[in-house]
Amino acid sequence: MTFTHAITRRPGKDMAAGITTSTLGPPDYNQAMKQFDAYIETLNHCGLSVTVLDPLDGYPDAHFVEDAAVVTPDVAVITNPGAVSRKGEVPSIAAALQHFRKTVWVQPPGTIDGGDVLMVGRHIFIGLSERTNQNGARQLGEAVTGFGYTWTPVPVAAGLHFKSSVNAVGDDTLLLTRSFADHPALAGFHRIVISPQEAYAGNTLLVNDHLIMPAGFPDTRQKLKSLGKPLIELDVSEFRKMDGGLTCLSLRF
Ligand code: GLY
């Protein structure tokens with residue numbers, strides 16, 4: 001899929017108050033801003049026009065914009081995030097997206113985070129996690145099946161979101177952690193399995209045939225190089241401290 005746009009949001013100075021399970025310590029705001037600017041530059045380099053929203057007061061996770069919507073070429077599905085502290089992020093994302101797509105809203109008791117949703121061609125994998133429930137997955141599936149999409153729910157046993165561990169790195173190739181390597185739902189794909197000590201590198205982003213991976217994972221880098229695509233490494237250490245990464249910092253469409 002070729003993308004032309006992205007929506008992002010600058011981190012707020014309160015970003016350290018977001019949800020995290022990490023033991024890496026609090027993020028450095030100034031360093032995070034430098035990393036965020038490099039991320040925007042990289043999306044521009046990959047051909048995207050990037051909308052940068054202002055920080056959202058009172059929502060320290062709001063720069064992880066991907067969790068608030070799922071954007072297909074036909075429709076933008078506005079999520080009901082699974083974390084109570086993040087539910088108020090969605091109106092401003094819906095307002096930004098309405099310039100580009102018709103919007104459909106996931107209703108409670110359905111919950112879903114965009115970080116659990118992986119589109120590969122016209123198939124959508126929906127991770128069932130602490131943030132995404134069966135009802136939310138079904139609502140997303142129903143919103144997109146009329147446009148020719150199929151979908152599969154996949155239980156997420158480790159990591160925050162499905163895309164913390166599994167991402168597309170080509171039309172028929174997935175990069176995934178060992179825990180998903182033999183999952184029957186993913187069996188039809190060529191699979192590149194990450195070594196356990198580099199599990200964070202599973203959060204690699206494919207944008208217009210460029211691979212953007214987190215810096216500091218040499219074994220995964222070597223494996224991805226064999227795909228022959230331009231490979232860009234970005235330092236996202238400050239977002240990792242808040243359980244975030246490359247995929248959740250933008251909505252691409
Ligand atoms: N800090 C990202 C999240 O937990 O949603």
Side-chain angles (χ1 to χ4, degrees), residues 6-33 35-36 39 52-71 77-94 96-97 105-106 108-118 125-133 135-137 140 154-167 177 199-205 212 214 234-252:
I7 291 176
T8 63
R9 184 190 296 287
R10 284 192 192 291
K13 287 195 171 146
D14 61 351
M15 67 178 288
I19 310 166
T20 190
T21 57
S22 160
T23 55
L24 296 169
D28 179 287
Y29 173 72
N30 292 324
Q31 190 62 18
M33 287 304 294
Q35 293 177 356
F36 181 79
Y39 181 78
V52 184
L53 303 174
D54 288 332
L56 192 62
D57 276 352
Y59 293 95
D61 281 311
H63 49 286
F64 297 129
V65 288
E66 189 189 48
D67 291 323
V70 176
V71 187
V77 180
I78 309 302
T79 68
N80 176 26
V84 173
S85 66
R86 301 198 58 190
K87 291 186 191 292
E89 296 174 18
V90 295
S92 73
I93 293 297
L97 280 168
W105 294 61
V106 171
T111 64
I112 187 160
D113 278 13
D116 279 319
V117 180
L118 176 65
F125 293 101
I126 308 177
L128 301 176
S129 69
E130 286 186 9
R131 301 287 178 87
T132 297
N133 63 21
N135 185 303
L140 172 60
V154 185
V156 176
L160 174 59
H161 290 128
F162 183 60
K163 282 191 290 196
S164 306
S165 305
V166 183
N167 282 281
T177 56
Y200 182 74
N203 194 245
T204 285
L205 180 58
I212 310 171
L234 285 182
D235 187 359
V236 284
S237 61
E238 304 316 294
F239 299 103
R240 184 181 184 187
K241 291 173 180 172
M242 301 309 298
D243 285 350
L246 291 162
T247 57
C248 53
L249 283 169
S250 64
L251 284 159
R252 296 128 339 246

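Both ligands and their constituent atoms are indexed starting at 1 by order of listing.
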Taking C248's backbone N and O only, do any of them form a donor-acceptor pair with D67's side chain (distance below 3.5 Å, no angle check)?
no
Is E89 salt-bridged to R9, cutoff N-O under 4.0 Å?
no
Rounded to the nearest 0.5 angstrom, the CE-CZ distance for M15 and F64 is 6.0 Å
Taking only non-hydrogen atoms of M242 and a 4.0 Å limit, the atoms of ligand 1 in range are 1 (N), 2 (C)
Does T20 come within less than 4.0 Å of ligand 1, judged by its heavy atoms?
no
Mark yes when over 12 heavy atoms from residues, nucleotides or ligands other than Q31 sit less than 6.0 Å from its CD; otherwise mark no.
yes
Is there a polar contact, in the sense of an N or O pair closer than 3.5 Å, between F64 and ligand 1?
no
Under 3.5 Å between some N or O of ligand 1 and some N or O of G18?
no
If you take the nearest heavy atom of each of D61, D67, T21, D113, which one is closest to atom 2 (C) of ligand 1?
D61
Single hit among F239, Y39, Y29 for ring-ring contact (aromatic ring centres under 6.0 Å, His included) with H63
F239
Going by the side chain to side chain donor-acceptor pair (under 3.5 Å) test, name the single residue among D113, T111, D116 that passes it with S129.
D116
closest protein heavy atom to atom 4 (O) of ligand 1 is R131 NH2, 2.7 Å
Atoms in ligand 1 with a heavy atom of L160 nearer than 4.0 Å:
3 (C), 4 (O)
